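Nothing here was measured: the structure is a model prediction, and the numbers come from that model. Each residue takes its place number in the sequence, starting with 1.
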Amino acid sequence: MDAQLDRIFAASLWVALSLAAAGLSAQLGLAWMERAWANNLRSSAQRLLGAGLSLGTGVWMVHVFSEPVQSAGFSQGHAPALEWAVWALAVSAAMASLAWLDAAKARAARWLPAALVLGSALVGLQWLGAGASAAPLHLGMLLAAWGLGVAGAVSTFGLFHRLKGQSQSAATWYRAGASLAWALAIVGSQHLIALAAPSARVPAGPGLVSGGVLIVLAVVLGGAVLSGLLLALRRHLKARAAGAKARRALGSKLLNDPLTGLPNRQLFEGTLGQAVQRADASNQSLALLFINLDGFRPVNEAFGHRGGDRVLGKVASRLRALSGPHMAGRLASDEFLVLLQGKVGVEQASELAAKLQASVSQPIALDGRAATVSCSIGVAMYPEDGAQSTLIRHAEAAMRAAKSAGGASHVFFEPRMLSGVRDDVALLRDLRHALARGELELYYQPKIHAPSGEITGAEALMRWNHPRRGMVSPGVFIPLAERYGLINELGSWVIDEACRQTRVWRDAGLRMRVAINLSVHQLRQPDLAESFEEVLRRHQINPELITCEITESSAMEDTEVTIRVLRQLDLLGLHISIDDFGTGHSSLAYLRKLPAHELKIDRSFVLDLETSEDARKVASAVINLAKALDLKVVAEGVETEGQNRILREYGCDQLQGYLFAKPMSAKALALWAMHDVGPRTMNFRSSLFRESTQLSIA
């Protein structure tokens, strides 16, 4: 009686341990298979290895638990080598079946072979582990075990595929059902195998371990393997969650102005497009208000850039309060946009403009003092004042009319306000002759090697010294050149002049990498690479001394053309940099295809580093992203020692900004480098590159 009770207890213990081991290993294996991993060979291998180890270890543990219990042979001898072989084969079979399952997606006809293979492997391994090859077989029991194993695998795979698209609670039940089906299949088939091929008893002896010791080893070693896999999976999930959080923060940064939190131009234009569609559908109007601050420059001069930023933040919060969610945006600097929709007429638009002016003009406390600004507002109505594509421009023209009238007022758009176009025509005429008259000049802003603090390069920036207007901002004449087809001519001049100056510096003993900005129009030139090659050969410039900077938004204009042209430039040996990173909408997949060597973080990512935790997180995420893609990182717009310190701590490679130097003429930069006549004492690196040689022809 006691012996029978002992057998019942042992059998119950075996069933409990086996179901627990099989069920938990199945849960863990399915969890590994469920994860969305990066789409590459290494990640797929890690995913399959984790799932295969989980399922295979569970199968092996059930086998180990069953042998001494079902034969009542706790002192029976077992060969360690055979047990390890069973474990390795179980893991391999599980991985192979899961690999087929993963490739077959949700089509039962495709993954049914995987279930047949796994069920057959399950029975074969259990029979092999039982050491019953010499014992007489009960064919019916063996077939029943095989059928149960295959049915369990089919049920498990079917329930696993039903997980996709389910709610969290439903997915929990499907996952539990799949794990239970697998556990019952393993335990049931193991029992049937024991009945089909009973093991011959072999007493423990030299080179063999007893059944009791084997169970302890299975609990310890199997538990250790499953625990390690669980920890690895949790670590992976934690890392993915942190990455997802950083990407969300980065996405928010890309669509929202980092200083004010308002939608940037890209997001606001999307909102405007949706509002236009709704207005067209309901036959209603819109009012677009273009707001520019009056007297903001004196505030910047009196309170510094930090004080100016606080004023912009306060103005933004006032605009947001009066305009509603997503209806206000920051265009640039001290320019804002506000959208009014619904049943909108001139009266309602005028009333909102007056409220905005009254709110903006309220004093703002800065360090115990009061700063006061007013604003000029231009109003354009849709559809009366033009289509969506011209609405912002027309509102801006009205704002300029308000500012010209003395500011602190709002003005509605009228067609006569576009007379400024005539001034553009005159400027364009002068620009056509600027090259021939020698009025264009390149200025150079140094780049600082962050780890050493030494100057290693400079960015070439175009300046126009107009005979009557004085220095004309590139922000004025570059858009004109792009609009009227002069940008390629100017771009060719910049390439030639930058290479010429690099040769002059090189002959004087100064080696620096010079960065040239390429426009989207230049990227469309079919002979850009050939032209570059000719200039490099003529001036005998090592291509490694030249960096080609293209903005992220330019790179996204025509991705196929961009990749082809940049590859041609890369083959020449030129250094490729993605400028203004974070202001466009490139994807990681696209960035990986570009033959780029460097990411240049936009100034907006640097502004709030000292005051905003979110800004620091986003900057860190961008730098880590670049490092993950094996790209160097340059941060522009560095103006304070605090920004400098934070960027260095984050591992930024190069820094550029007014903290170190403003753009200067080539002569001034040479004097600074060779005679220390400059804005501050800094070292210039003697060389980072090989001796300049004439460009070879393949």
**Report entry** For A670 against W505, the heavy-atom pair lying closest together
**Finding:**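 Looking at all heavy atoms of both residues, the closest pair is CB-NE1, 3.8 Å.
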Requested in this report: Can you see which heavy atom on Y443 is nearest to which on M471, and at what distance?
Outcome: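 Looking at all heavy atoms of both residues, the shortest contact is OH-CE, 3.9 Å.
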Looking at [X] and [Y], would you say the former's side chain and the latter's main chain have a donor-acceptor pair under 3.5 Å?
X: D257; Y: T260; answer: yes
X: S620; Y: R616; answer: no
X: R513; Y: E544; answer: yes
X: H597; Y: I576; answer: yes
X: R503; Y: Q540; answer: yes

Pair [X], [Y]: side-chain N/O donor-acceptor within cut-off below 3.5 Å:
X: S452; Y: E454; result: yes
X: D570; Y: H575; result: no
X: K600; Y: Q654; result: no
X: H466; Y: D430; result: yes
X: T640; Y: E610; result: yes
X: D496; Y: H539; result: yes

Query raised in the report: Does CD belonging to E530 count more than 12 external heavy atoms closer than 6.0 Å?
Result: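 Counting other residues, nucleotides and ligands, CD of E530 exceeds 12 neighbours.
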Query - K632 atom NZ, neighbour heavy-atom count above 12 within 6.0 Å - result: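 Counting other residues, nucleotides and ligands, NZ of K632 stays at 12 neighbours or fewer.
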**Report entry** Contacts of type side chain to side chain donor-acceptor pair (under 3.5 Å), residue S374, not counting sequence neighbours
**Finding:**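 Testing S374 for side chain to side chain donor-acceptor pair (under 3.5 Å), a comparison that skips the adjacent residues, returns D294.
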Requested in this report: Determine whether L655 and V634 make a side-chain contact, defined as any pair of heavy atoms from C-beta on separated by less than 4.5 Å.
Outcome: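 The answer is no, as the side chains (C-beta and beyond) never meet within the 4.5 Å cut-off.
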Query raised in the report: Do L594 and I578 have side chains that get closer than 4.5 Å, going by heavy atoms?
Result: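 Answer yes - side chains close enough.
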Query - Criterion salt bridge (charged side-chain N to carboxylate O under 4.0 Å, His left out) on K447 and E549, from CA distance to verdict - result: CA-CA 14 Å; K447 292 183 178 180; E549 293 190 3; 2.9 Å; yes
Report task. Would you check, one step at a time, whether the test side-chain contact (heavy atoms from CB on, under 4.5 Å) holds for F336 with L331? Result -> CA-CA 5 Å; F336 299 88; L331 191 60; over 6 Å; no
Query - Verdict with reasoning, E459 to N517, per side-chain hydrogen bond (donor to acceptor under 3.5 Å, both in side chains) - result: CA-CA 8 Å; E459 179 181 2; N517 291 285; 2.9 Å; yes
